[in-house]
Structure formats: structure tokens, C-alpha cells
Amino acid sequence: MRQKVVLITGANGEIGHGLIHHLANNTDANIVALDVNPLDKSLRDLCKTYIVGDILDQMLLGRLVVEHEISTIYHLASILSTKAEYNPETAHRINVEGTMNLLRLAVEQSQWQGNPVKFIYPSSIAAYGLPDLKQKSEVGAVKEWEWNYPTTMYGCNKLYCEHLGRYYSSYYRQLSADFGGTETVDFRALRFPGLISAETTPTGGTSDFGPEMLHAAAKGEEYKCFVRPETTIPFMVMPDAIKALIDLEKVDKSRLTQLVYNVTSFSVSAQDIFNIVLEAFPDAKIRFAVDDCRQRIVDTWPESVDDSAACEDWDWQPDYNCERSFHEYLIPAIQKRYQ
Ligand code: SER
């Protein structure tokens, strides 16, 4: 008998770290971790197995299915927004084709098992694109279906993959004779704001100025914040991001009225983060040195998102507001980490 497992792609990333710790400590899930780089040593004992490989490698995915019965996929692997702009076509392959490979795998698994495989997909505020700063300051909290005009390859990829998720869950091979006979993939997506973790720093994102400011200050390193002080976007700390993933995974499907949900905790400006960081680390060597290209990207992201659908449908509620995020989680944990 093949063992039931939870597959996590991009396991080495920021969300992967948090999620693996959570699942290993709080559930009896058998975790199969997949990443292009060897899994972080601290995570290895927490997983049933880890695989070094590429989500574009069809053979590798095929072998996964031979060996495991996958009940849930957390598809975290992705090239983030800044990095993706350096090689948009490669990013497209990884972000879109990689996701399609996993969606196909999920459909096949669902058909074999006669049960839907859950496919949990972190999307992003990068799926939004506001045309100018005037609109950004006037529109307020955006709803899932508003302003879906991303300006980055990453944002386009995320938005399109949300649609692919809908296609694979409801319309895949809709002209085939046996269409509609079996349950297929149960796709659920979250649009995350900028994420901040005390344990890891992101690589290649454009919301990275938040976490980078904090980690650099704690390490006593100089940091040049690449956006203007008044730049405001929503943020969330990693424990809340993990909570959102877990809560969305476990809610009964009958309660879900949509496939894609905004989630958020607090919206702050770069200046707000600067002030909080400086109060905690008075010797911090941070200055603002705007990178026009990255600024342009953040300027298209909303100041806040409306997560009322998530609150209503699956009782979403962040545990950490801004005050708690910094003073009860980030600052104490980061101080300890770099002591
Ligand atoms: N944190 C991501 C990025 O900056 C947005 O989802 O690319």
C-alpha cells in the first residue's frame, strides 16, 4: 500500500519552512518535500522524505505518483516578482508550466483515488495592478475581482494560475466522454500580502523591503530601503500566513463560495516599518535609496485588500495586528536569532 502524503513544493522557501514546522509539530501528516535545492538540514527530520528536483521534470513528478498517494499539495514553488523580471520567460515556465504540471498530477491522483486532491496555492497582491498613485490612494481595500491588471510577470503568472486552478477543478477535458464522472482537484488559493518571517528572509520579491529592513537592523548591517518612505502595502507575519493556509485547507468545501481569497493583517508604510525598527534597534543603519523600477512595481499594488469573503466563508482572522506582529513576534524572535 502506498502511504498517504502531503506534497510541498518549494519546500526550502520562506512559507515552506513555516509550513513544514507547523505540520510536523501539530499533525501526523507524512510530508514529502520537493525543492530544486537540497532541503535545509533543519527541516529534513520533519519530513518523511525530501526530493531534490525541478517541477518542470515530468519524469520526477511521474515517479512521485508511483511511490506516494498524495492527498494534499501545497504548491509553494515560484519565482518572485523582482527576480522574475530579470528573466520573464524562465519565470513563466517555472511559475505557470510548473503549476500546470502539478495541477495535472493532482487531477490524475484524484481520479486514481476516487477522491479530490486538495491543491493549496499561494497567490499574491501582485495579481492586482493599479494604474497610478492617485487610484492607489483612492480605491481603498480591493476585492478579489477588482483591478486584476498585473504589471509583473509574477503577477500575471499568479492571476493566470488561479484561472488554471479553476479550469482543472471544473473543466479539464470537458469534451471527454467520461467528463464530470469523478471528482477532481479541489483547488483553493490565497492572495497573500507581503510576508514577514523572523526565521527567514525572502529572495527576489518586491515586498522584501519590509523584512530586509528588520533583519538588517538586527544584524547591525547597513540597509538601503528601495522604496519611498510613504509607500504603503499590506503585510502579514509568517505564523498568520501558515494559519491561513491550514485553515483554508481544512474548511469544508461546502462553505467555500469562491476559489481565490484575499487575506491580510495590517497595512503600513515603509516609514512606519522604519520607525518601529529604529525604536527596537536604535543603532540601525537604514536609509532610503529609491530604486525606480522596483518602486514602480510596488506602486501598482494596493494599499489594502478586502478579506471579508475569507472572514465570512472560513472564519479567517489574523492573530497578529501590527503591534503584536512586531512587538510580540518579530522583534523578540529576531533579537534572539541574531544575538
Ligand atoms: N512577496 C511577493 C513579492 O514581493 C509578492 O507576493 O514578489
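For the single chain, residues carry numbers from 1 onward in sequence order. Both counts, for ligands and for their atoms, begin at 1 and track the order of listing.
With respect to atom 5 (C) of ligand 1, the closest heavy atom belonging to the protein is S124 OG, 3.3 Å. For atom 1 (N) of ligand 1, the closest non-hydrogen atom on the protein side is S207 OG, 2.9 Å.
Interface atoms of ligand 1 facing S81, defined by a heavy-atom separation under 4.0 Å, are 3 (C), 4 (O), 7 (O). Of all atoms in ligand 1, listed by their number and element, those nearer than 4.0 Å to a heavy atom of T206 are 3 (C), 4 (O), 7 (O). Those atoms of ligand 1 that come under 4.0 Å of a heavy atom in L80, given as number and element, are 7 (O).
With a 4.0 Å heavy-atom cut-off, ligand 1 is reached by no atom of F235. With a heavy-atom cut-off of 4.0 Å, A126 does not touch ligand 1 at all.
For the pair I8 and L34, the minimum side-chain heavy-atom distance is 4.5 Å or more.
For ligand 1, the polar-atom distance check finds no N/O of W301 at less than 3.5 Å from any of the ligand's N/O atoms.
In this structure, R287 places its CZ atom where only 12 or fewer heavy-atom neighbours from other residues, nucleotides or ligands lie under 6.0 Å away. For Y171, the OH atom counts as loosely surrounded, since its 6.0 Å shell holds 12 or fewer non-hydrogen atoms of other residues, nucleotides or ligands.
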Pair H215-Y338, ring-ring contact (aromatic ring centres under 6.0 Å, His included): steps then yes or no: CA-CA 9 Å; H215 283 264; Y338 297 118; 5.8 Å; yes
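A donor-acceptor contact shorter than 3.5 Å links the side chain of N26 to the backbone of H22.
Using cut-offs of 30° and 60° for the angle between ring planes, the H75 and F119 rings count as perpendicular. Note on ring orientation: taking the six-membered ring where Trp is involved, the planes of F209 and F226 are perpendicular (angle over 60°, cut-offs 30° and 60°).
The closest approach between a heavy atom of I125 and any atom of ligand 1 is not below 4.0 Å.
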